[in-house]
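Structure record follows, encoded as structure tokens.
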Amino acid sequence: MFIKIYNALITILYPLVIKRYVEKRKQKGKEDITRFNERIGRPKMPRPEGRLFWLHGASVGESVSMLPLINRILETYPDAHVMVTTGTVTSADVMQKRLPERAFHQFIPIDNPIFTTRFVKYWHPDVALWFESEFWPAVLSSIKRKNIPLILINGRISNKTFKRWQQFDFICKELLGCFSLCLGQSEEDAYRLRVLGAKDAVCLGNLKYAGLPLPIDERAKDDLLKQIGSRPLWLASSTHNDEEVRVAKVHKRLKEKFSDLLTIIAPRHPNRGKEVAAEINRLGLTTALRSAQEMITPKTDIYIADTIGEMGLWYDIAGIVFIGGSLIPHGGQNFIEPSRVRDAVIVGPHMHNFTDAMSRAKKADAVMQVVDTEELGEVVSELLANKNLLEAKQSLAYNWAASETKVLDGIMDKIKAYF
């Protein structure tokens with residue numbers, strides 16, 4: 001009943017109210033005017049023949065997390081095509097650059113039943129895989145009416161969302177009823193999905209941890225290695241405000257034992273590069289900025305990697321990685337990416353954004369968690385001084401990361417059940 005009422009209201013309100021909002025988005029550059037036809041369900045490109053898989057994600061992060069599954073689908077079904085939909089201009093640009101052959105991008109239609117029905121009827125996918133945490137009633141109901149299998153991938157229901165949805169459980173039950181299957185990121189997410197009305201909800205693991213290797217510019221890597229030479233080094237990645245200064249102080253203490261030590265800091269927000277350099281320089285340390293193309297010299301204490309799209313390069317060069325966002329109550333950043341390239345991984349006390357993954361990694365002895373900067377310095381020092389320990393920690397991290405990719409096999413088994 002809710003979806004019928006919603007669709008009726010949206011149909012009435014679109015020309016009166018929503019269209020004005022959409023026009024403002026166009027003016028602000030939040031809509032691709034040259035492809036706006038896709039947003040109203042009138043695509044220009046023809047539907048490819050044969051089996052079509054539809055994958056939808058909202059953000060850049062969700063979209064990129066699809067890539068391993070996209071590759072696996074295309075490998076499993078050589079005659080199939082994959083259509084990826086997103087709602088933002090930024091995510092569209094990212095996906096168009098990274099999608100493999102036989103995969104293409106379209107903008108998700110505006111959640112108006114006229115547009116969504118037209119969209120689903122035109123493409124008529126064989127299966128739809130939903131990566132977004134927001135459920136759009138018009139889109140979901142259009143898929144269901146065509147009896148297209150709809151699977152929620154990497155579903156996440158935060159504690160706050162769970163409590164809010166419980167107050168409107170009749171709505172949530174109707175929306176989740178559109179899904180043939182719900183795959184939660186964790187057992188807790190699967191449980192919450194079942195409580196909220198999902199007919200079939202299970203946990204196979206987190207797809208984000210089965211990501212593809214980050215890209216590396218080999219020429220840039222060779223150039224950096226020449227500048228670094230034989231110096232010992234470690235990396236602090238995805239750092240936040242205040243963490244860079246703490247890491248710099250750790251560097252000062254470590255220099256007493258490792259006089260030629262190089263520390264690389266990759267700020268979570270690269271635009272803070274100059275600010276970070278100024279803060280560190282006040283400690284009496286010498287910095288070099290990647291964005292300014294400054295060279296690493298024997299006098300460089302800290303190299304600030306303030307660029308976009310080069311994290312794979314830093315993980316490849318460094319053998320020891322500290323994950324930022326974890327010394328402060330931010331909740332931590334993705335720590336599986338350096339594990340995947342065989343780095344020894346250290347995190348701070350605040351990793352609540354990755355509770356389930358941390359639990360599994362700690363059980364496998366694949367990550368080292370410190371309580372403060374003093375302990376961080378001690379752990380880095382021990383790894384720099386003990387080659388056997390370093391190699392052991394690197395192997396443990398890599399083996400655990402490799403085991404996390406098995407989620408792809410489980411998802412593919414579920415997809416195959418619908419064919």
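We're numbering straight along the sequence, starting at 1. Since this is a predicted model, take the numbers as computed values, not measurements.
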- Message: Apply side chain to side chain donor-acceptor pair (under 3.5 Å) to residues Asn334 and Tyr209 and explain how you reach the verdict.
- Response: CA-CA 9 Å; Asn334 189 333; Tyr209 302 144; over 6 Å; no
- State whether the side chain of His56 and the backbone N or O of Thr85 hold a donor-acceptor pair below 3.5 Å, judged by distance alone. yes
- Message: Surrounding NZ of Lys24 (heavy atoms of other residues, nucleotides or ligands, distance under 6.0 Å), is the total greater than 12?
- Response: no
- Message: When you measure from the side chain of Arg47 to the backbone of His124, do you find a donor-acceptor pair of N or O atoms at a distance under 3.5 Å?
- Response: yes
- Using modelled atom types only, decide if a donor and an acceptor are shared between the side chain of Arg39 and the backbone of Ile108 within a distance under 3.5 Å. yes
- For Glu218, does the CD atom sit with more than 12 other heavy atoms under 6.0 Å from it, leaving out its own atoms? yes
- Task: Please report the closest heavy-atom contact between Leu283 and Lys252, naming both atoms and the distance.
- Result: O-NZ, 2.9 Å
- So Asp365 and Lys393, side-chain contact (heavy atoms from CB on, under 4.5 Å) or not? Walk me through it. CA-CA 8 Å; Asp365 198 18; Lys393 290 296 183 181; 3.1 Å; yes
- What are the two closest non-hydrogen atoms of Arg102 and Pro78, and how far apart are they? NH1-O, 3.0 Å
- Under 3.5 Å, is there a donor-acceptor pair between the side chain of Thr373 and the main chain of Leu376? no
- Does Ser141 reach the main-chain N or O of Pro137 with its side chain, forming a donor-acceptor pair under 3.5 Å? yes
- Message: Before you tell me yes or no, could you show the steps for Thr263 and Trp234 under side chain to side chain donor-acceptor pair (under 3.5 Å), namely the whole-Å CA-CA distance, both residues' side-chain angles and the distance that decides it to 0.1 Å?
- Response: CA-CA 5 Å; Thr263 297; Trp234 68 298; 2.7 Å; yes
- Please report the closest heavy-atom contact between Thr34 and Asn37, naming both atoms and the distance. O-OD1, 3.8 Å
- Query: Given side chains that start at C-beta, do those of Phe53 and Leu74 come closer than 4.5 Å, heavy atoms only?
  - Reply: no
- Could you label the plane-to-plane angle of the Tyr303 and Trp314 rings as parallel, tilted or perpendicular, counting under 30° as parallel and over 60° as perpendicular? perpendicular
- Ignoring hydrogens and geometry, is there a side-chain-to-backbone donor-acceptor pair from Asp126 to Leu52 under 3.5 Å? yes
- Task: Determine whether more than 12 heavy atoms belonging to other residues, nucleotides or ligands lie under 6.0 Å from atom CD of Glu374.
- Result: no
- Item | Ring centers of Trp136, Phe115 separated by less than 6.0 Å | no
- Arg192 and Ser158: side chain donor to acceptor below 3.5 Å: no
- Taking atom CZ of Phe162 as the centre, does the number of heavy atoms from other residues, nucleotides or ligands within less than 6.0 Å exceed 12? yes
- Query: Using the benzene-type ring in the case of Trp, are the ring centres of His352 and Phe354 under 6.0 Å apart?
  - Reply: no
- Is it true that a side-chain atom of Arg25 and a backbone atom of Lys30 form a donor plus acceptor pair closer than 3.5 Å? yes
- Message: Distance check, rounded to the nearest 0.5 Å: Glu375 atom CD versus Ile346 atom CD1?
- Response: 9.5 Å
- Query: Out of curiosity, Asn147 CG to Ile143 CD1, how far, rounded to the nearest 0.5 Å?
  - Reply: 12.0 Å
- Query: Going by atom types alone, do Glu310 and Thr307 pair a side-chain donor with an acceptor below 3.5 Å?
  - Reply: yes
- Item | Phe135 ring center near Phe179 ring center (under 6.0 Å) | yes
- Item | Asn154/Leu183 under side-chain contact (heavy atoms from CB on, under 4.5 Å): CA gap, chis, key distance, verdict | CA-CA 6 Å; Asn154 248 34; Leu183 302 178; over 6 Å; no
- Task: Return yes if some donor-acceptor pair links the side-chain N/O of Arg231 with the main-chain N/O of Leu261 below 3.5 Å, else return no.
- Result: yes
- Message: Please give me the minimum heavy-atom distance between Val321 and Ser237, naming the atom from each residue.
- Response: CG1-OG, 3.9 Å
- Return yes if a side-chain donor-acceptor contact under 3.5 Å exists between Asn206 and Asp356, otherwise no. no
- Criterion side-chain contact (heavy atoms from CB on, under 4.5 Å) on Leu152 and Leu181, from CA distance to verdict: CA-CA 6 Å; Leu152 177 65; Leu181 172 66; over 6 Å; no
- Query: Has the side chain of Lys146 got a donor or acceptor atom that lies under 3.5 Å from a matching backbone atom of Lys121?
  - Reply: no
- Message: One pair to check against salt bridge (Lys or Arg N to Asp or Glu O under 4.0 Å): Glu23 and Lys26. What are the steps and the verdict?
- Response: CA-CA 5 Å; Glu23 290 301 322; Lys26 288 182 180 179; 3.4 Å; yes
- Quick one: do Phe119 and Arg42 satisfy side-chain contact (heavy atoms from CB on, under 4.5 Å)? Show the steps, please. CA-CA 7 Å; Phe119 180 92; Arg42 293 190 183 280; over 6 Å; no
- Message: For Arg35 and His105, which I'm curious about, is there any donor-acceptor pair between the side chains at under 3.5 Å?
- Response: yes
- Item | Spacing of Ile73 atom CD1 and Met66 atom CE [to the nearest 0.5 Å] | 10.0 Å
- Message: Is there a ring pair (Phe, Tyr, Trp, His ring centres under 6.0 Å) between Phe104 and Trp123? Walk through the geometry before answering.
- Response: CA-CA 12 Å; Phe104 61 95; Trp123 292 110; 5.4 Å; yes
- Give, for atom NZ of Lys221 and atom CD1 of Ile317, the distance between the pair rounded to the nearest 0.5 Å. 7.5 Å
- Message: With a 3.5 Å distance limit and no angle check, can you tell me whether Asp189 reaches the backbone of Ser186 through a side-chain donor-acceptor pair?
- Response: yes
- Query: Do the numbers put Arg340 on top of the ring of Tyr398, so that NZ or CZ is under 6.0 Å from the six-membered ring centre and no more than 45° off the axis?
  - Reply: no
- Message: Angle between ring planes, His240 versus His269, binned at 30° and 60°: parallel, tilted or perpendicular?
- Response: perpendicular
- Query: Between Gln227 and Asp223, is a side chain to side chain donor-acceptor pair (under 3.5 Å) present by the stated rule, with each step listed?
  - Reply: CA-CA 7 Å; Gln227 294 177 44; Asp223 184 48; 3.1 Å; yes
- Query: Is the ring centre of Tyr21 less than 6.0 Å from the ring centre of Tyr14?
  - Reply: no
- Does CZ belonging to Arg156 count more than 12 external heavy atoms closer than 6.0 Å? no
- Message: Around atom CZ of Arg194, are there more than 12 heavy atoms from other residues, nucleotides or ligands closer than 6.0 Å?
- Response: yes
- Message: With a 6.0 Å cut-off (strictly less than), is the heavy-atom count around CE of Met1, excluding the residue itself, greater than 12?
- Response: no
- Tightest non-hydrogen contact, residues Leu408 and Ala210, listed as CG-CB, 4.2 Å
- Item | Leu9, CG: over 12 other non-hydrogen atoms inside 6.0 angstrom | yes
- Query: Can you tell me how far CG of Leu176 sits from NZ of Lys199, rounded to the nearest 0.5 angstrom?
  - Reply: 10.0 Å
- Task: Please assess Arg51 against Asp79 for the test salt bridge (Lys or Arg N to Asp or Glu O under 4.0 Å), listing each intermediate value before the final yes or no.
- Result: CA-CA 7 Å; Arg51 197 169 287 169; Asp79 60 338; 5.3 Å; no
- Query: What is the distance from atom NZ of Lys249 to atom CG of Leu254, rounded to the nearest 0.5 Å?
  - Reply: 14.5 Å
- Task: Apply salt bridge (Lys or Arg N to Asp or Glu O under 4.0 Å) to the pair Arg246 and Glu243, showing each step before the final yes or no.
- Result: CA-CA 5 Å; Arg246 298 192 200 188; Glu243 288 186 310; over 6 Å; no
- Task: State yes or no: are the ring centers of Phe170 and Trp165 separated by less than 6.0 Å?
- Result: no
